[in-house]
Every structure is written in C-alpha cells, then in structure tokens.
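Inspection log for the structure reproduced underneath, given as structure tokens.
Here, residue 1 is the first one in the sequence, and each next residue gets the next number.
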Amino acid sequence: MAGSKSIGDMILRILVGLLFVIIGIEGMADFGGNALYRELDDVFDIIVGAVLLVAGLLLIVPLFISGIKASFTKTATLVVLVAWVIYIVLADFMYGLRGVDGIEWFEWLEVLIYHLLILASVYKVAQPAVKKLGK
C-alpha cells in the first residue's frame with residue numbers, strides 16, 4: 001500500500017472487503033438472512049455470492065500482495081458500491097417497510113442509518129474508482 005494512504009483507510013478497506021467476502025459466502029452457501037438474496041433464485045444466489053466474494057477479496061489482497069492490476073481493484077470497488085446500494089433498496093425499502101407502524105419506524109430508521117453508515121464507508125473505499133468514472 002502506498003505511503004500516502006493512512007492506516008485508517010487501510011483498515012476501512014479491509015473491513016469493507018471482509019464484509020463483502022462474508023456476504024458472498026452467505027450467498028454461495030445459501031445461509032444467512034441477507035436481503036440481497038431474498039429476491040434471487042438459487043443459481044443467481046451462487047453467481048452474486050461468487051462475484052461479491054471475489055470483489056471483497058480484490059479489495060483486501062492488493063493491500064498485501066503486489067501484481068494485481070489496479071483496474072481489477074477499481075472494478076471490485078464499484079461492484080461492492082453498487083451491490084450495497086441494491087442491498088439497501090431491497091432490505092430497507094422493499095422488505096423493510098412492510099407492516100411498519102408506530103415504534104417500528106424508529107427501528108426501521110435505525111437499521112437504515114446503519115446501512116447508510118456502511119454505504120458511506122464503501123463509498124470512501126470506492127471513491128478513487130468513482131472519480132475515475134467521472135473523467
């Protein structure tokens with residue numbers, strides 16, 4: 001990792017990568033209650049799980065091993081960013097708002113804020129790739 005990056009950026013990248021490795025394993029192994037997989041059939045669960053697993057690994061591995069093309073890493077960060085936005089839409093709006101009333105609004109809002117905090121972290125990690133897209 002280049003000296004211009006802080007240890008905090010590196011830790012954040014590792015944590016985001018690990019999160020998506022775990023989400024990928026959940027999809028491939030067909031366990032866990034991840035909303036990303038509720039709308040997909042079994043074949044797509046495996047495909048999406050594999051893509052997220054590889055994307056998560058591509059966030060982590062280049063920190064410790066050189067020789068992986070930067071374009072793969074940037075693509076992985078964009079995949080992770082898009083996947084998390086899809087997750088928020090599915091988990092918090094398609095499923096999360098069903099039957100919500102009264103005090104449940106506060107619980108829904110709390111979960112949404114957690115998901116948005118993760119989105120902010122994913123965006124921070126993906127920011128160089130997003131900037132490159134804008135050019």
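- Cluster membership for L58 and I22, using ILVMFWY side-chain heavy atoms within less than 4.5 angstrom, is not shared.
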Please table the atom pairs, donor to acceptor, closer than 3.5 Å between any side-chain atom in residues 114-122 and protein atoms at least two apart or in another chain.
{"residue": "Y114", "atom": "OH", "partner": "E110", "partner atom": "OE2", "Å": "2.7"}
{"residue": "H115", "atom": "ND1", "partner": "D92", "partner atom": "OD1", "Å": "3.0"}
{"residue": "H115", "atom": "ND1", "partner": "D92", "partner atom": "OD2", "Å": "2.7"}
{"residue": "S121", "atom": "OG", "partner": "L117", "partner atom": "O", "Å": "3.2"}

Q) Do L52 and I25 pass the side-chain contact (heavy atoms from CB on, under 4.5 Å) test, and can you show the C-alpha distance, the side-chain angles, and the key distance before you say yes or no? A) CA-CA 8 Å; L52 293 177; I25 291 170; over 6 Å; no

N/O donor-acceptor pairs under 3.5 Å from side chains in residues 70-83, not counting sequence neighbours:
{"residue": "T75", "atom": "OG1", "partner": "S71", "partner atom": "O", "Å": "2.8"}
{"residue": "T77", "atom": "OG1", "partner": "K74", "partner atom": "O", "Å": "2.7"}

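- In the hydrophobic cluster analysis, where Ile, Leu, Val, Met, Phe, Trp and Tyr join through side-chain heavy atoms closer than 4.5 angstrom, Y87 is grouped apart from V89.
- Note on V111 and W108: separate hydrophobic clusters, where clusters join Ile, Leu, Val, Met, Phe, Trp and Tyr whose side-chain heavy atoms are under 4.5 Å apart, directly or indirectly.
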Q: Kindly determine whether W84 and L19 satisfy side-chain contact (heavy atoms from CB on, under 4.5 Å), including the steps that lead there.
A: CA-CA 11 Å; W84 197 253; L19 175 66; 4.2 Å; yes

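- Shortest non-hydrogen contact noted between I60 and R13 is CG1-O, 4.4 Å.
- The same ILVMFWY cluster, assembled from side-chain heavy atoms under 4.5 Å apart, contains both I11 and L18.
- Rounding to the nearest 0.5 Å places CE of M10 at 10.5 Å from CG of L15.
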